Amino acid sequence: MLKEIHPEMLKQLRSYYPPGTRVMLIRMNDPYTKLQPGTKGTVTGVDDIGTIHVNWDSGSSLGIAFGEDECRKIGGARI
């Protein structure tokens with residue numbers, strides 16, 4: 001189930017994760033993904049529901065779902 005995102009939180013996510021930001025996967029709540037914690041990738045954008053879209057170095061482009069998954073900006077704090 002998708003969680004609603006407050007407009008101010010969406011604004012903060014877009015500010016913190018602009019396109020080109022490097023991130024590392026902490027956890028993904030998807031039993032079918034082959035992505036593993038520690039996988040790195042590059043943010044391509046944040047959509048209107050707060051999903052952080054990432055081009056993973058492994059070739060995947062699965063997004064980080066707001067409130068479900070967790071990534072860390074490389075060199076930054078967790079969100």
Side-chain angles (χ1 to χ4, degrees):
M1 181 173 165
L2 294 176
K3 297 182 180 183
E4 290 244 353
I5 184 166
H6 188 278
E8 187 59 35
M9 175 56 81
L10 182 58
K11 183 178 174 183
Q12 288 178 10
L13 278 174
R14 286 180 170 155
S15 175
Y16 193 74
Y17 293 105
T21 301
R22 294 286 292 165
V23 294
M24 181 174 65
L25 183 65
I26 302 300
R27 67 178 172 81
M28 184 163 281
N29 189 18
D30 181 343
Y32 303 106
T33 186
K34 294 181 180 172
L35 291 173
Q36 296 294 315
T39 302
K40 295 177 183 174
T42 303
V43 173
T44 59
V46 177
D47 68 18
D48 291 343
I49 60 170
T51 300
I52 303 166
H53 292 274
V54 179
N55 282 338
W56 298 102
D57 295 351
S58 63
S60 175
S61 59
L62 195 59
I64 301 292
F66 177 75
E68 293 294 320
D69 306 323
E70 185 179 358
C71 70
R72 179 175 62 82
K73 186 174 177 177
I74 294 176
R78 291 182 183 188
I79 285 225

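Only this structure's heavy atoms are used, side chains among them; waters, hydrogens and symmetry mates stay out. The shown structure was predicted, so the numbers you read here are calculated from the model rather than taken from an experiment.
- Atom OG1 of Thr51 and atom CZ of Phe66 lie 10.0 Å apart (nearest 0.5 Å).
- Evaluation of the salt bridge (charged side-chain N to carboxylate O under 4.0 Å, His left out) test over residues 23-33, restricted to residues two or more places apart or in two chains, returns Arg27-Glu70.
- Asn29 contributes no side-chain N or O that, together with a main-chain N or O of Glu68, makes up a donor-acceptor pair within less than 3.5 Å.
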Please tabulate, one pair per line, all N/O donor-acceptor pairs under 3.5 Å involving side-chain atoms of residues 53-60, not counting sequence neighbours.
from: His53; atom 1: NE2; to: Asp47; atom 2: OD2; distance (Å): 3.0
from: Trp56; atom 1: NE1; to: Leu62; atom 2: O; distance (Å): 2.7
from: Asp57; atom 1: OD1; to: Arg22; atom 2: NH1; distance (Å): 2.9
from: Asp57; atom 1: OD2; to: Arg22; atom 2: NH2; distance (Å): 2.8
from: Ser60; atom 1: OG; to: Leu62; atom 2: N; distance (Å): 3.2

Could you walk me through whether Val23 and Tyr17 pass the side-chain contact (heavy atoms from CB on, under 4.5 Å) check?
-> CA-CA 9 Å; Val23 294; Tyr17 293 105; 3.6 Å; yes
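- Taking CE from Met24 and NZ from Lys73, the interatomic distance works out to 14.0 Å, rounded to the nearest 0.5 Å.
- Looking at residues two or more places apart in sequence or on another chain, you find a side chain to side chain contact (heavy atoms under 4.5 Å, CB included) between Asp48 and Arg14.
- Between Ile52 and Cys71 the shortest heavy-atom distance is CD1-SG, 4.1 Å.
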Show your working on side-chain contact (heavy atoms from CB on, under 4.5 Å) between Leu25 and Ile64 and close with a plain yes or no.
-> CA-CA 8 Å; Leu25 183 65; Ile64 301 292; 3.5 Å; yes
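- A distance of 13.0 Å separates NZ in Lys11 from CE in Met9, rounded to the nearest 0.5 Å.
- Considering only heavy atoms from C-beta on, Pro7 stays 4.5 Å or farther from Leu10 through its side chain.
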